[in-house]
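Source: prediction; values computed, not measured. Chain naming here is simple, since letters A, B, ... match the order of the sequence lines and numbering starts at 1 in each.
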Number of protein chains: 2
Amino acid sequence: MNARQILEDAGVRPSVQRLAVMDYLATHKTHPTVDEIYSALAPSIPTLSKTTVYNTLKLFVENGVTQMLTIDEQNSRYDADVSPHAHFLCSKCGKVYDLQFVDFANTLPEEIDGHAIKEVYQFFKGICSCCAEK
Amino acid sequence: MNARQILEDAGVRPSVQRLAVMDYLATHKTHPTVDEIYSALAPSIPTLSKTTVYNTLKLFVENGVTQMLTIDEQNSRYDADVSPHAHFLCSKCGKVYDLQFVDFANTLPEEIDGHAIKEVYQFFKGICSCCAEK
DNA sequence: ATTCATTTTTGTAATCATTTCAATTTTGTT
DNA sequence: AACAAAATTGAAATGATTACAAAAATGAAT
């Protein structure tokens with residue numbers, strides 16, 4: 001599904017900037033920060049403002065087409081894959097990897113201890129296989 | 001186990017400030033922010049500096065006697081309970097609750113996809129039972 | 001097409017959590 | 001008591017994020 005489709009389905013007006021951000025997220029599954037997104041898009045959209053990237057991502061999160069990851073203390077990271085999956089942050093290289101949800105992939109509870117659950121995040125931290133080899 | 005014991009076992013020198021922070025964490029399982037800890041302790045330790053609270057918590061995390069939670073985007077929160085357990089953040093009242101780890105409590109993998117796992121965080125967000133009643 | 005209202009984008013300035021850093025104080029050892 | 005090392009402190013810097021108001025773009029109605 002392309003960026004325009006995703007936005008239209010969510011009822012988000014597909015402006016040039018929004019399409020660019022969604023397209024970037026959809027094609028770069030690296031869980032980029034605001035800065036990374038801004039730096040990547042600024043050359044092709046010279047008038048782009050970092051505020052717009054912030055606004056856009058906030059809108060995406062509100063409309064459920066993107067999730068914000070707080071796995072990294074320094075920067076928020078964003079992921080257009082909103083299906084349930086876990087994340088791994090390498091403490092050495094800082095890369096964030098996608099992982100399958102551990103154990104309860106198909107049995108996500110709607111409630112725990114009487115608390116209604118809307119969002120679930122599973123974060124792992126350690127050294128990635130790539131960094132371990134060295 | 002009291003605060004002094006915890007610090008001594010971890011090889012952390014038990015200064016007045018460190019004892020106060022650890023004692024606060026051990027007796028207030030509310031996952032407080034730096035500000036909350038500082039505000040709570042400042043009256044009884046008039047010379048206390050917020051920097052000291054930051055330094056102390058960093059030291060605690062490095063020595064494995066406290067974990068930092070990034071469940072709340074705005075502030076880091078701290079928990080002296082380092083046993084594996086999950087957290088629930090209420091989007092309405094902002095409180096963070098302890099939960100039991102879902103499903104893999106006793107089967108925490110040491111490695112996933114070749115990545116060596118050092119830390120695991122499981123965050124849930126939604127509306128807590130308390131807020132739902134109203 | 002033109003007007004007008006609404007929405008979106010933009011840049012600047014403000015906010016606020018966290019870090020840096022150097023000076024001071026405290027602590028432990030001789 | 002004297003000294004070195006460690007801990008604390010406060011002020012200033014950093015840096016991500018937000019607030020805000022002006023400018024630009026869009027869409028609907030005429």
**OP:** Scan side-chain atoms only and decide if Asp79(B) and His87(B) contain a donor-acceptor pair under the 3.5 Å cut-off.
**Re:** yes
Original post:
Taking atom P of dA16(D) as reference, at what distance in whole Å does atom CE of Met68(A) sit?
Top reply: 15 Å
Original post:
In whole Å, what is the span from the CG atom of Leu41(B) to the C1' atom of dT8(D)?
Top reply: 14 Å
Original post:
Just checking, any donor-acceptor pair under 3.5 angstrom between side chains of Tyr121(B) and Glu119(B)?
Top reply: yes
Original post:
Rounded to the Å, how far apart are Leu19(A) CG and dA25(D) P?
Top reply: 17 Å
Original post:
Where along nucleotides 8-24 of chain C does protein come under 4.0 Å, by heavy atom, of base (B) or sugar-phosphate alone (S), with - for untouched nucleotides?
Top reply: SSBBB----SBBB----
Original post:
So, Lys50(B) and Asp35(B), do they make that salt bridge, N to O below 4.0 Å?
Top reply: yes
Subject >> Connected via hydrophobic side-chain network under 4.5 Å: Leu69(B) and Ile117(A) >> reply: no
**OP:** List for me each residue that meets salt bridge (charged side-chain N to carboxylate O under 4.0 Å, His left out) alongside Glu133(A), sequence neighbours excluded, and say none if there are none.
**Re:** none
